[in-house]
Every structure is written in C-alpha cells, then in structure tokens.
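Before any comments, here is the structure.
In what follows, chains are A, B, ... by sequence order, proteins preceding strands, each numbered from 1.
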Amino acid sequence: MDGGSARGSKTVKARLPKGLRDIGECEAYAQNRMLRALSEVCTSWGFSALETPILEYADALGKFLPDEERPNAGVFSLRDDDEQWLALRYDLTAPLARYVAENYDSLPKPFRRYQHGPVFRNEKPDPGRFRQFMQFDADIVGAPVPLADAELCALAAKCMDTLGLKEKYSLHISNRKLLDGLLESIGLNKNESGFAEKRLRVLRSIDKMERLGARAVTDLLGMGRKDKSGDYTPGAGLDQKAIEKVLALVEGHIDFPSLEAIMGETASGKEGIEQLHEMIDLMKAFGVNEDVIELDPTVVRGLDYYTGPIFEIKMGASDSRLTRFGSVGGGGRYDDLVTRFKGIEIPAAGFSIGISRLYTVLEAMKESSAIEGETLDVVILLLDSTDRTEAVRITRELREANIRAEVYLGSSGMRAQMRYADRRSAKLAIIQGEQERKRNEITIRNLVLGKELSASIKDSSQWKEGGEAQRSVARERLLEEVSKTLASQK
RNA sequence: GCAGCCGUAGCUCAGUUGGUUAGAGCGCUUGAUUGUGGAUCAAGAGGUCCGUGGUUCAAAUCCACGCGGCUGUACCA
C-alpha cells in the first residue's frame, strides 16, 4: 500500500514525446560516418561549412508563421521574452536565405556552402516519418546558370556514390518551367481568377501519380476523388482534353521528342527543355553516369518554392520493393527565396539528403556495410579475487594499443559478467582471478569461437573448461595474444 | 486536419453474461550446478488494466469525453 502507491505518486512517467525517437548505437555510428563522408566530398568540391542555429525568428523562416488558430501548425514555435516568435528550423535552406540576406555584402559570390543538422516539423508522425530528423544540405547562392544546377545534381550523385550506393539510386530531373508550359498549353491563364488554386491542384495531382496511379490522378484533375475512408478531395476541374495532355506528360517514361510535342510553342516549356538539355550534358561532364539520370516530369517538390530545375534522388529504380520509400533527397533552383529579405532576386539552388530516411532505407535493403555499428573488442572481467589496479592497467594497455576495451563495473558473479560481455557483442573476455594471478597469467576467452563451439556442447563441465575457445597466457603477452585472437576472428 | 480500428507487465497476449487479492508465455534480476555466454532448476522484481467523469451494490469489462497508437486520406518546406 505504501511502497508502490507512494512511489507511484512521486515518480514521473518516463516517456518519449510523440514523433520523436532515440537513436541507438548502430544508427548513430552510421549517421556519423555518413555525415563525415558527405562533408569531405563537399569540401573537396569547394563548398564551405556553415552552421546556423536551430532556432530562428519565425518570420525569417517564412511560410509557416504562427497564426491565431494554429500557432504550431507545421513548425514548433515559442515566444521569446521580448514577445517575438521563435521557431525551430524545418529545413536548412530557409536559415541559409536569412544568413545570405544578412551577410550579403561580405560573402563571395557565388557562395557555396554545406551544412547538416537536425530539423523539426510539427506534423502528424507517420511510420518512418518523425518530427525531428537529420538533413544534409548543399547550396550555391548567386549563380543563375544551369552549370550551377548541374554541379549540384552531380554533387548529389557523388554523395550517393560515396555512401556506397552506386547503381542503387537514380536522379529524377525535371524543371518547374515544364509545368508552367503545360499549364499554359492546356489554356490556364495566369491572369484569370482562381489560377493559383487551380495550378496548385494540378501540381498536387501530378505529384500523386507515383503513389495513387493514373486513374486517381484523372479524378483529381477532373471532378475530384473519394478515397477508401470516404474522404473527398476536390479536383482541379480540368476538361477531358486537358486531362489527357497532363497524363501524356506524367504517364510512363518520357523522352525529349514527346516532351517537345506536349510543350508546343509555349515559352516556358521551351526554356525548360533547353535547360534540361544543357544540365544533362554538363552532368555527364561532371562524371555522372548517364544511366542514373532519368527525365521525370512527375517530380514536383515544393509547390511555391522552386523556380527552375528540380530533381529528386530515388532509391532502387530497378528494385520495385524500394519504390515505396520514395525519395531520399532532392533539390532544385529557388531564385525567390532571398527576395523576401532583400527585395531583389538572388539566384540560388541547392539540395538536401534526408540522412534519417536514407538510413531507414539502407536498413530495409540490408546494406549491412552502411548500417553496422562498432562493436566492443574486450571486456575485462572483475572477480572478487581480481586486483582492481591490475585490471585497470590491462584495460589501459589495450586502449593505448587502440583496442576497444572496458573493465566490468559492478560486483556481479562471473556468469552475469559473461552474459554482459555476450550482450555487448564483445569479441573476447579477459579473466585474471586467483589462479591466474598466482602464475602471473591471464585467461583469454574467445567469445566468437566459444559461441560457435557452443552448438555442439552438451554438458556443463565442457562449458567451463572452454576448450579451444579459451587459454591462459603469460601476463606480459597480453597485447600480442589479444591481437592474435582478434585477428583470427576476421 | 478528416475517417475507421485499437489501448491489460519491458514484449506478445488471456481475462467468462460486469462479481473476491488481475494472470500466462517470453524477457529481465539474483542464486544453484568449484570460476564461464547455452540448457536445467529455484527465487525475485515489474501493473494508475491509457486518463477523467458517469451508470451500478459492484467496472479491466458498459457509456461519454480526452489522450495515445495503428491504417487510410489530406498537407508536406
């Protein structure tokens, strides 16, 4: 009555906020390795590091201002003590725009930078989609030419190659101007009322092509669509002819001649095609394998954001099992982003890779080289009869030789210590109890070999003897014998 | 955001038409088998039955609302 309930009333329930997660050792190691590798690539391509803070003024982030009804829709925001709204960054590009605007005069133009860090989105978490995740981002500000777009695409490809994913991804490229050309060619006029709304619906429908298929997209372009749950999504209200034209663009593979036919004489369409041609030529010159480049007008991305070339990095083009993961990164040209601050248009383009998402995909692909953690090498057991300072000296000697070692901390029995070593996937254990000490020896147990042998062991005395998995050697030969045992395990 | 389903131990779940002290398996901790990962045996820890209110002599069980999870859908920088 007293114990449980009294404790219950005083303790706090340990719980993780929804949509957030703890990252275990395997993913943490993998994430660090990926970030390090990508940073090196960017550095060698002449991009410099820039780290902006996690918090920004909400209005500097742009789009998602806290409003009366839903102060936390999209972004996490909070009030500073001077009443100004702060918000957690939801990507790395908006803070870059703020940085560029603030430091414009002192920056070299073009300005090339990379950055990585956690970003936050306050929205409904879905499986594999969290409210905090790691992004890697690279951008070029102040270069209006397709050469910059091509270089960023090529860098994205190089990044994927560096992560060991050569031939496991593809770059789907398109151009926002193609979509402008399409809208023009189906008779949507910029100056008509309701254009913005209609444009948005058309673009969203196109974006759903891959997930929902042609029939659903037809409905969405026309009268609207009712889904399984009974929810109704209003359509764009296009006529039959227009719908067919849109579908022609987004259905199946497309090549340049058919693209030209669809775009016709529209100015934006022509410009978009021209830019794509130039980009692809330059990408190849940058060393991108032609096979990973895929012309794909279904790529839409940020609706009010991009102004020119856009692209997405998708996994396993040939492996349909992976298409459900969608894109692991993408980017494009966003010439308007700094305009908000400066009043003048500053050309900019960039891309980001979703590190957290990429890890999830690699895990599902069982890319073990990318996802395995770093295991412990040695656990030094600590028995009642073990000399503490000697155990510490052994630990230190191993560590100085760059062997990952730890001395058991605690007073449990030997059995529990062995279980601990097993749980930690340690490769071997070192024992120096009374028997070893008398003879100035140590016992090395090969845990990997021991596990293999255990399958055939029947009675418990064999366990204790250890057989080939265990031997005693002179104390001075510690390093030599440990190294030998570790080497034998590879 | 909208809709449907679900919520009992760390995990997977049982719990009768509402009825005494809420259970099992696995896992976890400790111990035994001379000082060894497995097996076996023994003991132990671990619960606000999601929360709040209601119906009732009586609620894990029925009702309402909230919260959380899953699925679909919307949004997605």
Exercise. Considering just the side-chain nitrogens and oxygens of Arg445(A), establish if one lies under 4.0 Å of OP1 or OP2 belonging to G37(B).
Key: no
Quiz item: Between the base of G68(B) and the side chain of Lys124(A), is there any donor-acceptor pair under 3.5 Å?
Solution: no
Practice problem: Describe the nucleic acid contact of Asn446(A) in one word from base, sugar-phosphate, nothing, applying a heavy-atom distance below 4.0 Å. | Solution: base
Quiz item: Given the P atoms of A60(B) and A74(B), what is the spacing between them in whole Å?
Solution: 41 Å
Quiz item: Are Arg471(A) and Glu481(A) close enough for a salt bridge, meaning some N to O gap below 4.0 Å?
Solution: yes
Quiz item: Rounded to whole angstrom units, what separation is found between the CG atom of Asp139(A) and the C1' atom of A77(B)?
Solution: 13 Å
Practice problem: Give RNA chain B the dot-bracket treatment, 5' to 3': Watson-Crick (N1-N3 with N6-O4 or O6-N4) or G-U (N1-O2, O6-N3) under 3.5 Å, [ ] crossing, | other strand. | Solution: (((((((..((((.....[...)))).(((((.......))))).....(((((..]....))))))))))))....
Exercise. Would you mind telling me which residue lines up with the more 5' stretch of RNA chain B, Thr233(A) or Ala426(A), judged by nearest nucleotide?
Key: Ala426(A)
Quiz item: Does Glu434(A) pair with Arg439(A) as a salt bridge, N-O distance under 4.0 Å?
Solution: no
Self-check item: Side-chain ion pair, Asp139(A) and Arg112(A), N-O less than 4.0 Å
Solution: no
Quiz item: Starting at CD of Gln115(A) and ending at C1' of A77(B), how long is that distance when rounded to a whole Å?
Solution: 15 Å
Quiz item: Arg423(A) has an atom CZ; how far is it from atom P of G38(B), in whole Å?
Solution: 11 Å
Quiz prompt | Atom pair distance, as rounded to whole Å: CG in Asp207(A) and P in C75(B) | solution = 9 Å
Quiz prompt | Rounded distance in Å between the C1' positions of A59(B) and U17(B) | solution = 14 Å
Quiz item: Salt-bridged, Asp91(A) to Arg121(A), with N to O below 4.0 Å?
Solution: no
Quiz item: Taking atom P in both C63(B) and U71(B), what distance in whole Å separates the two?
Solution: 26 Å
Quiz item: Relative to the 5' end of RNA chain B, which residue comes earlier, Ala416(A) or Glu434(A), by the nucleotide with the nearest heavy atom?
Solution: Ala416(A)
Quiz prompt | Rounded distance in Å - CG (Leu447(A)) to C1' (U36(B)) | solution = 10 Å
Quiz item: Looking at Arg393(A) and Glu397(A), does any basic side-chain N land under 4.0 Å from a carboxylate oxygen?
Solution: no
Practice problem: Using the C1' atom as the reference point in each nucleotide, state the distance between C49(B) and A43(B) in Å, no decimals. | Solution: 27 Å
Quiz prompt | Under-4.0 Å salt bridge between Arg437(A) and Glu390(A) | solution = no
Quiz prompt | C5(B) versus C41(B) - spacing of their C1' atoms, nearest Å | solution = 44 Å
Quiz item: Just checking Arg211(A): base, sugar-phosphate only, or nothing, at a heavy-atom cut-off of under 4.0 Å?
Solution: sugar-phosphate
Quiz item: Which class fits the ring pair Tyr306(A) and Tyr334(A): parallel under 30°, tilted 30 to 60°, perpendicular over 60°?
Solution: perpendicular
Quiz prompt | Length of the line joining Gln417(A):CD and G38(B):P, which is rounded to integer Å | solution = 14 Å
Quiz item: Rounding to the closest angstrom, what is the interatomic distance between U33(B) and C50(B) at atom P?
Solution: 43 Å
Quiz item: Ignoring hydrogens and angles, are the base of G1(B) and the side chain of Glu123(A) linked by a donor-acceptor pair under 3.5 Å?
Solution: no
Exercise. Name the orientation class of the two ring planes belonging to Tyr420(A) and Tyr408(A) (parallel below 30°, tilted from 30 to 60°, perpendicular beyond 60°).
Key: perpendicular
Practice problem: Using a strict 4.0 Å threshold on nitrogen-to-oxygen distance, state whether Lys314(A) and Glu210(A) make a salt bridge. | Solution: yes
Quiz item: Which of the following nucleotides, A74(B), G35(B), A77(B), is nearest to the side chain of Arg129(A)?
Solution: A74(B)
Quiz item: Taking atom C1' of U34(B) as reference, at what distance in whole Å does atom CE of Met414(A) sit?
Solution: 12 Å
Quiz item: Looking for any heavy atom pair under 4.0 Å, which part of the strands does Leu212(A) touch: base, sugar-phosphate only, or nothing?
Solution: sugar-phosphate
Quiz item: Taking only side-chain nitrogens and oxygens of Lys18(A), does any of them come within less than 4.0 Å of OP1 or OP2 of C67(B)?
Solution: no
Quiz item: Taking the C1' atom of each, how far is C65(B) from C57(B), in whole Å?
Solution: 26 Å
Quiz item: According to a strict under-4.0 Å criterion, is Arg419(A) in side-chain N/O contact with OP1 or OP2 of U30(B)?
Solution: yes
Quiz item: Rounded to the nearest Å, what distance is computed from the CD atom of residue Glu56(A) to the C1' atom of nucleotide A77(B)?
Solution: 14 Å
Practice problem: Just call it for Gln135(A): base, sugar-phosphate, or nothing, with non-hydrogen atoms closer than 4.0 Å on any strand. | Solution: nothing
Practice problem: Quick one: label Leu381(A) by what it contacts on the DNA or RNA (base, sugar-phosphate, nothing), any heavy atom closer than 4.0 Å. | Solution: nothing
Self-check item: Atom C1', compared across C13(B) and U8(B): separation rounded to whole Å
Solution: 9 Å
Quiz item: Is the phosphate of U29(B), meaning OP1 or OP2, less than 4.0 Å from a side-chain N or O of Ser412(A)?
Solution: no
Practice problem: Please determine if a side-chain N or O atom of Arg204(A) lies less than 4.0 Å away from the OP1 or OP2 oxygen of C76(B). | Solution: yes
